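Beneath this line is the structure, given in structure tokens, with notes to follow.
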There are 2 protein chains.
Amino acid sequence: MSTSDSKSYHHGDLRQALLETTRQMIAEEGVEGVTMRGLAQRIGVSRTAPYRHFENKAALLAAVAQEGFEELIKHLRCARTADPTLSPIIRFEKMGMSYVQFAIAQPTAYRLMYGADAVRAEDHPEVREVVRRTLDELIEMIQECKAAGFLKTYHPRDVGMTVWSACHGLSLLLIDQHLQIDNVDQLIERVTRIVRVGLEGER
Amino acid sequence: MSTSDSKSYHHGDLRQALLETTRQMIAEEGVEGVTMRGLAQRIGVSRTAPYRHFENKAALLAAVAQEGFEELIKHLRCARTADPTLSPIIRFEKMGMSYVQFAIAQPTAYRLMYGADAVRAEDHPEVREVVRRTLDELIEMIQECKAAGFLKTYHPRDVGMTVWSACHGLSLLLIDQHLQIDNVDQLIERVTRIVRVGLEGER
DNA sequence: ACCTGAACACCGTTCAAGT
DNA sequence: ACCTGAACACCGTTCAAGT
């Protein structure tokens with residue numbers, strides 16, 4: 001009677017299986033390795049079954065992207081609230097590092113989230129919404145900084161967009177291996193510190 | 001007898017026509033709108049003709065990406081050397097603005113350059129090389145800043161990567177319309193200024 | 001040398017038909 | 001309700017054959 005009672009004729013929870021398996025395929029061979037046919041076959045279901053749950057491939061990928069952003073937002077919030085005794089500027093810096101570390105830990109998924117290949121956010125309101133909330137998470141931290149007396153002359157949105165840009169750009173350059181370096185963590189630290197010192201210096 | 005004497009049985013300069021038409025198609029409908037078959041048809045040549053000049057679709061797109069980077073490098077050099085009477089830090093800032101303006105002026109081409117869809121730079125040494133030269137162009141400007149007494153304690157590569165990250169990230173966020181703003185130029189100015197002030201403050 | 005037509009092995013998606 | 005098989009309209013790429 002519940003949603004998990006069947007494993008007979010119906011799959012049980014095909015929708016969840018589709019999302020899960022898509023994530024796996026993305027992790028294994030990138031977004032371009034995901035095909036609707038291969039996906040169905042791997043789950044053991046007919047080729048057209050997935051269309052019962054997602055209008056098309058783009059809608060499926062958008063759902064996966066959305067979940068990715070939810071995860072990212074959780075990570076950012078965690079970094080922001082982990083240790084309230086730290087200076088807000090330092091927590092801001094940790095948030096930036098946390099962002100980049102999240103991105104490079106799951107490179108193909110991060111690429112998908114920003115629609116490199118298939119998901120154009122403009123066509124998916126749910127994606128637009130989580131993207132907006134990602135920026136909001138950064139802006140919230142900036143408000144804390146302002147409340148503590150930092151960043152007096154800057155607009156929170158401008159600072160948020162600056163930090164977001166730096167994090168996003170660094171993440172993609174690292175993912176695409178455009179930066180030939182030995183110590184990734186050190187680079188992330190140095191980049192975020194340059195931005196942090198810049199913001200701090202304005203105090 | 002020259003290369004442009006024929007328009008009969010051979011196309012004349014099919015290679016150039018392929019690059020040119022690919023650029024057009026990218027500008028019109030994005031990278032995903034480019035198909036080898038459609039490309040050939042548009043030029044008025046058989047489906048397999050393009051393979052005489054490019055091993056496959058990826059190689060063709062890589063060539064277009066490479067040309068895009070050459071253009072970008074030219075723009076950056078132009079901004080760097082335009083007015084030597086300006087402070088190097090200010091020219092650095094102008095370079096950043098020039099980068100983002102170049103990117104958003106040709107959104108789909110910029111996306112292709114960074115291999116969002118098809119061109120994985122790791123498979124194309126020529127692309128790796130122009131990407132490297134793009135970073136070098138930024139680092140050159142940083143050396144000038146150092147020579148003028150700025151940025152004393154920073155490593156040029158770290159500063160270069162930071163600025164590159166911010167420019168790249170801002171470009172993509174703007175291209176993907178994740179930043180809902182009315183005045184794009186103003187935002188570019190504010191973002192680059194925050195980074196510039198940060199760098200300057202360290203003097 | 002350069003181009004062609006036919007063919008192969010893939011796609012995403014649709015639709016009438018089954019349980 | 002949910003799933004299926006056959007079919008359609010696309011791909012990129014290959015290969016023997018033409019000029």
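Note that this is a predicted model, so its numbers are computed, not measured. Here is the naming used below: chain letters follow the sequence lines, and residue numbers restart at 1 for every chain.
Here dT14(C) presents its P atom at 14 Å from NZ of K57(A), a figure rounded to the nearest Å. Here the C1' atom of nucleotide dG12(C) and the CD atom of Q41(A) are 15 Å apart, to the nearest Å. In this entry the distance linking CZ of R47(A) with P of dG5(D) reads 9 Å, nearest Å. Spacing between atom CG of L60(B) and atom P of dG12(D) amounts to 11 Å, rounded to whole angstrom units. Atom CG in N56(A) sits roughly 8 Å away from atom P in dT14(C) (whole-Å rounding). Taking atom CD of residue E55(B) and atom C1' of nucleotide dT14(D), one finds them 13 Å apart after rounding to whole Å. Atoms CE (M25(A)) and C1' (dC11(C)) sit 13 Å apart, rounded to a whole Å. Taking atom CG of residue D13(A) and atom P of nucleotide dC2(D), one finds them 11 Å apart after rounding to whole Å.
Look at R23(A) and E71(A) and you find no salt bridge, because none of the NZ, NE, NH1 or NH2 atoms lies under 4.0 Å from a carboxylate O. Under a 4.0 Å N-O distance rule, the pair K74(B)/E70(B) does not qualify as a salt bridge.
S165(B) places a side-chain N or O within donor-acceptor distance of the main-chain N or O of M161(B), the cut-off being under 3.5 Å.
Relative to the side chain of S46(B), the nucleotides dC11(C), dT13(C), dC3(C) differ in distance, and dC3(C) lies closest. Among dT4(C), dG12(C), dT14(D), the nucleotide with an atom closest to any side-chain atom of Y51(B) is dT14(D). Comparing dG12(C), dT4(D), dA7(C) by their closest approach to the side chain of M36(A) singles out dG12(C). Closest contact between the side chain of R37(A) and the listed nucleotides dT13(D), dT4(C), dG12(C) involves dG12(C).
Place R52(A) and T48(B) on DNA chain D by their nearest nucleotides, and R52(A) ends up nearer the 5' end.
T192(B) is not listed as a side-chain neighbour of F92(B), based on a closest heavy-atom distance of 4.5 Å or more. No side-chain heavy atom of E129(A) sits under 4.5 Å from any side-chain heavy atom of F69(A).
Phosphate contact (OP1/OP2 of dC3(D), side-chain N/O of H53(A), threshold under 4.0 Å): present.
Under the Watson-Crick and G-U wobble criteria, each requiring two contacts below 3.5 Å, nucleotide dC8(D) is paired to dG12(C). Both distances falling under 3.5 Å, in either a Watson-Crick or a G-U wobble arrangement, place dA1(D) opposite dT19(C).
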